Amino acid sequence: MAGSGEHEQWMELAIAEAKKAARLGEVPVGAVIIKEGKVIGRGRNLKETFNDPTAHAEIVAIRQAAEHEGSWRILNATMYVTLEPCPMCAGAIVMARIPELVIGARDPKTGAVGSLMDIARDERLNHRVSVVTGVLEEECAFLLEDFFRKLRAR
């Protein structure tokens with residue numbers, strides 16, 4: 001498990017992905033998957049760009065990491081995501097066997113890693129994820145608040 005300084009370093013990369021999403025007019029959520037000190041997957045929300053309801057940052061990053069690994073199992077890796085994953089993404093993280101998840105901001109409306117439910121740590125499932133929350137939380141939350149404030153102003 002990485003230390004908090006290392007978590008912040010990798011979360012900055014996820015934040016950079018979220019900012020790229022915002023420039024595309026997408027909800028600013030970003031994700032990166034790190035293994036052995038290297039990025040093996042990165043993603044940003046692309047739902048509007050691709051008209052694809054599954055094109056969440058986490059899913060995009062998981063697909064890239066799986067391709068990199070040559071396997072659907074993404075073992076010995078950590079996912080960093082700027083916003084608490086929804087049920088679909090939390091399920092995908094579990095199914096990909098990602099062992100560790102680091103979250104920036106909580107999502108009280110759709111979050112499925114502790115807010116509404118906790119898919120990632122559900123003992124009934126065959127894989128559970130170690131979770132760290134609140135890494136660069138204020139910066140991650142501000143990206144979303146600023147995006148929606150500007151959207152409402154239009």
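What you see is a predicted model; the values in this text were computed from it and never measured.
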Is the side chain of [X] donor-acceptor paired with the backbone N or O of [Y] at a distance under 3.5 Å, no angle test?
X: His127; Y: Ile98; answer: yes
X: Arg97; Y: Met95; answer: yes
X: Arg106; Y: Val113; answer: yes
X: Thr82; Y: Gly30; answer: yes
X: Glu26; Y: Lys47; answer: yes
X: Glu69; Y: Ile74; answer: no

Passing candidate, side-chain hydrogen bond (donor to acceptor under 3.5 Å, both in side chains) with Tyr80, options Glu12, His7, Glu17, Glu8: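 With Tyr80 as partner, Glu12, His7, Glu17, Glu8 yield a single side-chain hydrogen bond (donor to acceptor under 3.5 Å, both in side chains), made by His7.
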May I ask you to check whether Glu84 and Ser115 show a side-chain donor-acceptor distance below 3.5 Å?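 Per modelled atom types, Glu84 and Ser115 side chains form a pair under 3.5 Å.
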Roughly how far, to the nearest 0.5 Å, is [atom2] of [Y] from [atom1] of [X]?
X: Cys140; Y: Leu83; atom1: SG; atom2: CG; value: 8.5 Å
X: Arg42; Y: Lys20; atom1: CZ; atom2: NZ; value: 5.5 Å
X: Arg44; Y: Ile15; atom1: CZ; atom2: CD1; value: 15.0 Å

Steps toward side-chain contact (heavy atoms from CB on, under 4.5 Å) verdict (Val27, Phe147): CA-CA 7 Å; Val27 175; Phe147 176 82; 3.9 Å; yes
Please step through side-chain contact (heavy atoms from CB on, under 4.5 Å) for the pair Lys38 and Ile34, ending with a clear verdict. CA-CA 5 Å; Lys38 294 186 177 118; Ile34 308 302; 6.0 Å; no
Using a side-chain heavy atom cutoff under 4.5 Å and only I, L, V, M, F, W and Y, what cluster partners does Leu24 have?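 Same cluster as Leu24: Leu46, Phe50, Val60.
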Contact between Leu13 and Val39 at the side-chain level, heavy atoms closer than 4.5 Å - yes or no?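 Contact flag for Leu13/Val39 side chains = yes.
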Check Lys109 with Asp107, please: is the shortest side-chain N to carboxylate O separation under 4.0 Å?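 No, Asp107 and Lys109 are not salt-bridged.
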Would Ile103 end up clustered with Met88 when hydrophobic side chains under 4.5 Å apart are linked, directly or stepwise?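 In one cluster: no.
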With hydrophobic residues grouped by side-chain heavy-atom distances under 4.5 Å, do Leu125 and Ile93 end up in a single group?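 Yes; Ile93 is reachable from Leu125 via cluster members.
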